[in-house]
Amino acid sequence: MSTVQISASDVNKLRQQTGAGMMDCKKALTETNGDFEAAIDYLRKKGAKVAASRQDRESNEGVVIARTSEDGKRGVIISLNCETDFVAKNAEFIAFANAIANGAVQHLPATIDDLNNLEIDTETSRVKIGEAITDMTGKIGEKIGVSKYEVLEGEKVVAYIHGNFRLGVLVGLSANVAGAEEAGKDVAMQIAAMNPVALDKGDVDATTIERELAIAKEQIRAEGKPEEMVEKIAQGKLNKFYKDSTLLNQEFVKDPSKTIVQFLNGVEKGLTVTAFKRVALGA
């Protein structure tokens, strides 16, 4: 039994993330010592309906900017955080985030530290991004900083920003063919909405596979199925997980009769996604 004090706000947070009942959420947190990820697994194992186990966590404020180079062969996403929604919606703050993204896509620094050492033009001078952030912090009176930074390179990279700068996606396509830009936007919107865990089945890490199999087996045993059937049914559930959670195997949201693979083949035979990046505030 947990010795951790479970607050009403913790219970409510888990309920918002999962859609499970209040008492179920409290019990899950109690049994898992307040560990939210473990509590989500606990609810799933007990058969509770978890509506959004991979839903973006409670967000810090700020903006997410996705940007590609002029030749469309590289892209970046940055998340510039602040403390309040009021500042996040400020035009000067958004313009500052765009200036950082512009510098990033031009020079492709390897890390956030390298990004902070890049120089950009401000209203009065050319300074390092880290120094400009310090100046902006003093100006607006809130702590700000780049919390996430992703880079993607490919034959065709498409950027998408969703939800008033709250989520950004980059999609790398295997070729820059007619219709690639529009197809990339459609795939990026799919990624924003469905939050795939990986590109294809072979890209899912072993820990996630083990976790899904363990949950499936407990569900099957709870349903009273014979032990000799557990492994086979669990594999079926794992295949369903791949279909729901890996991008290329997902049903295309705009046309559920096709998978993403089939949709892209319809644009150009052999066209596929080589990689993607997704950054959401607070995730």
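Everything numeric in this text was worked out from a predicted model, so none of it was measured. Residues: numbered from 1 along the sequence shown.
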Chemist: Salt bridge or not for E61 and R166, using N-O below 4.0 Å?
Modeler: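 Yes, E61 and R166 are salt-bridged.
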Chemist: Test your reading of the model: is there a side-chain donor-acceptor pair from D203 to the backbone of D200, 3.5 Å cut-off?
Modeler: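 Looks like yes, one N/O pair under 3.5 Å.
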Chemist: Under the 3.5 angstrom rule, does the side chain of Y160 hit a backbone N or O of A192 as a donor-acceptor pair?
Modeler: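 Here the side-chain-to-backbone pair does not exist.
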Chemist: Has E218 got a side-chain atom pairing as donor or acceptor with I215's backbone, closer than 3.5 angstrom?
Modeler: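 Side chain of E218 to backbone of I215: no pair is present.
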Chemist: Any heavy-atom pair between the side chains of N249 and F241 that's under 4.5 Å?
Modeler: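 No; the side chains remain at least 4.5 Å from each other.
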Chemist: Is the backbone N or O of A178 less than 3.5 Å from a side-chain atom of E268, with the two atoms forming a donor-acceptor pair by type?
Modeler: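 Looks like no, no N/O pair under 3.5 Å.
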Chemist: Answer yes or no: are there more than 12 heavy-atom neighbours, outside K27 itself, under 6.0 Å from its atom NZ?
Modeler: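 Open.
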Chemist: Step by step, work out the side-chain hydrogen bond (donor to acceptor under 3.5 Å, both in side chains) result for D114 and T111.
Modeler: CA-CA 5 Å; D114 293 334; T111 67; 3.2 Å; yes
Chemist: Would you give the length of the straight line joining atom CD1 of I65 to atom CD1 of I78, rounded to the nearest 0.5 angstrom?
Modeler: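 Between I65 CD1 and I78 CD1, I get 6.0 Å after rounding to 0.5 Å.
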Chemist: Do you know which two heavy atoms are closest between L281 and S79, and how far apart they sit?
Modeler: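 For L281 and S79, the tightest heavy-atom pair comes out as CD2-OG, 3.6 Å.
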Chemist: To the nearest 0.5 angstrom, please state how far the CG atom of N12 sits from the SG atom of C25.
Modeler: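 Atom-to-atom, N12:CG and C25:SG are 9.0 Å apart.
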Chemist: Before giving the answer on side chain to side chain contact (heavy atoms under 4.5 Å, CB included), spell out for E181 and K156 the whole-Å C-alpha distance, their side-chain angles and the decisive distance to 0.1 Å.
Modeler: CA-CA 8 Å; E181 182 74 25; K156 174 63 176 177; 2.7 Å; yes
Chemist: Under a 4.5 Å cut-off applied to non-hydrogen side-chain atoms, are E92 and I140 in contact?
Modeler: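 Answer no - side chains too far apart.
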Chemist: Measuring from atom CE of M194 to atom CD of E251, what distance do you get when rounded to the nearest 0.5 angstrom?
Modeler: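 Reported to 0.5 Å precision, the distance equals 8.5 Å.
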Chemist: Taking all heavy atoms of I144 and all of C82, pick out the closest pair and write down the distance.
Modeler: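 Scanning both residues completely, I find the closest heavy atoms to be CG2-CB, 3.7 Å.
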Chemist: Kindly say whether D244 contributes a backbone atom to a donor-acceptor pair with the side chain of Q250 at under 3.5 angstrom?
Modeler: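 At least one qualifying donor-acceptor pair exists.
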Chemist: So is K13 actually on top of F36's ring, under 6.0 Å and inside 45° of the axis?
Modeler: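 Here K13 passes the 6.0 Å and 45° test against F36.
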Chemist: Under 3.5 Å, is there a donor on one side chain and an acceptor on the other for T32 and D35?
Modeler: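 No.
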Chemist: So does K73 pair up with E155, basic N to acidic O under 4.0 Å?
Modeler: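 Salt bridge flag = yes for E155 with K73.
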Chemist: Check the surroundings of atom CD in E182: do more than 12 heavy atoms from other residues, nucleotides or ligands lie under 6.0 Å from it?
Modeler: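 Check fails, neighbour count at 12 or below.
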Chemist: Determine the minimum heavy-atom distance between G168 and A66, stating which atoms define it.
Modeler: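 Between these two residues, the closest heavy atoms are CA-CB, 4.4 Å.
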Chemist: How about CD on E228, more than 12 heavy atoms from neighbouring residues, nucleotides or ligands closer than 6.0 Å, or not?
Modeler: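 Enclosed: over 12 neighbouring heavy atoms sit under 6.0 Å from CD of E228.
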Chemist: Roughly how far, to the nearest 0.5 Å, is the CG atom of D255 from the CG atom of D186?
Modeler: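 Those atoms lie 11.0 Å apart.
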Chemist: Identify every side-chain donor-acceptor pair in residues 93-104 under 3.5 Å, counting partners at least two apart or on other chains, and give the distances.
Modeler:
{"from": "N98", "atom 1": "OD1", "to": "R67", "atom 2": "NH2", "distance (Å)": "2.3"}
{"from": "N98", "atom 1": "ND2", "to": "I94", "atom 2": "O", "distance (Å)": "3.1"}
{"from": "N102", "atom 1": "OD1", "to": "R67", "atom 2": "NE", "distance (Å)": "2.7"}
{"from": "N102", "atom 1": "ND2", "to": "N98", "atom 2": "O", "distance (Å)": "3.3"}

Chemist: Counting only heavy atoms from other residues, nucleotides and ligands, does the tally under 6.0 Å from NZ of K217 exceed 12?
Modeler: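 Enclosed.
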Chemist: Hey, does M229 have a side-chain heavy atom less than 4.5 Å from the side chain of I220?
Modeler: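 No, their side chains stay 4.5 Å or more apart.
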Chemist: Would the distance check show the side chain of R74 and the main-chain N or O of V105 forming a donor-acceptor pair, the cut-off being under 3.5 Å?
Modeler: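 Yes: the side chain of R74 pairs with the backbone of V105.
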Chemist: Please tell me whether I77 and V63 are part of a single hydrophobic cluster in this structure, the criterion being side-chain heavy atoms less than 4.5 Å apart.
Modeler: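 No, no single cluster joins them.
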Chemist: Return the minimal non-hydrogen interatomic distance between R211 and D41, and the atom names on each side.
Modeler: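 Reported closest heavy-atom pair: NH2-OD1, 2.6 Å.
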Chemist: Is a donor on one side and an acceptor on the other found under 3.5 Å between the side chain of E142 and the backbone of T84?
Modeler: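 Present.
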Chemist: Could you verify whether a donor N or O on one side chain and an acceptor N or O on the other, from D71 and S69, lie under 3.5 Å apart?
Modeler: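 The criterion, which ignores hydrogens and geometry beyond distance, is satisfied for S69 and D71.
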Chemist: To the nearest 0.5 Å, what is the distance between OG1 (T272) and CD1 (I260)?
Modeler: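 Answer for the OG1-CD1 pair, T272 versus I260, is 10.0 Å.
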Chemist: Under a 4.5 Å cut-off applied to non-hydrogen side-chain atoms, are Q190 and K254 in contact?
Modeler: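 Answer no - side chains too far apart.
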Chemist: Taking all heavy atoms of T30 and all of I6, pick out the closest pair and write down the distance.
Modeler: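 Looks like OG1-CG1, 4.0 Å.
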Chemist: Excluding sequence neighbours, so at least two apart, what forms ring pair (Phe, Tyr, Trp, His ring centres under 6.0 Å) with F165?
Modeler: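 Expected list: none.
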Chemist: Going by an N to O cut-off under 4.0 Å, is there a salt bridge joining E150 and R278?
Modeler: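 Not counted as a salt bridge, because no side-chain N and carboxylate O are separated by less than 4.0 Å.
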Chemist: Could you tell me if the side chain of T259 sits less than 4.5 Å from the side chain of Q262, heavy atoms only?
Modeler: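 Q262 reaches T259 side chain to side chain.
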Chemist: Is the backbone N or O of G172 less than 3.5 Å from a side-chain atom of T274, with the two atoms forming a donor-acceptor pair by type?
Modeler: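 Side chain of T274 to backbone of G172: a pair is present.
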Chemist: L167, L80: one ILVMFWY side-chain cluster at the under-4.5 Å cut-off?
Modeler: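 No, no single cluster joins them.
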Chemist: So if you build clusters from Ile, Leu, Val, Met, Phe, Trp, Tyr with side-chain heavy-atom gaps below 4.5 Å, do L118 and Y149 land together?
Modeler: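 Same cluster: L118 reaches Y149 through Ile, Leu, Val, Met, Phe, Trp or Tyr contacts under 4.5 Å.
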Chemist: When you group the ILVMFWY residues by side-chain heavy-atom contacts below 4.5 Å and let the links chain together, are L199 and F252 in the same group?
Modeler: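 Yes; tracing contacts between hydrophobic side chains, which count when under 4.5 Å, links both residues.
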Chemist: Over all heavy atoms of both residues, which pair between A180 and A175 is shortest? Give the atoms and the distance, please.
Modeler: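 In this case the closest contact between A180 and A175 is CB-O, 4.0 Å.
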Chemist: For residues I161 and F276: do they belong to one hydrophobic cluster (side chain heavy atoms under 4.5 Å, members Ile, Leu, Val, Met, Phe, Trp, Tyr)?
Modeler: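 Cluster IDs for I161 and F276 differ.
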Chemist: Rounded to the nearest 0.5 Å, how far does NZ of K148 lie from CG of N81?
Modeler: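 Between atom CG of N81 and atom NZ of K148 there are 8.0 Å.
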Chemist: Contact between K237 and E212 at the side-chain level, heavy atoms closer than 4.5 Å - yes or no?
Modeler: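 Heavy-atom side-chain distance check fails, nothing below 4.5 Å.
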Chemist: Would you call V169 and V158 a side-chain contact if the rule is heavy atoms closer than 4.5 Å?
Modeler: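 Not touching, per the 4.5 Å side-chain cut-off.
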Chemist: Hey, is the main chain of F86 close enough, under 3.5 Å, to the side chain of N90 for a donor-acceptor pair?
Modeler: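 Side chain of N90 to backbone of F86: no pair is present.
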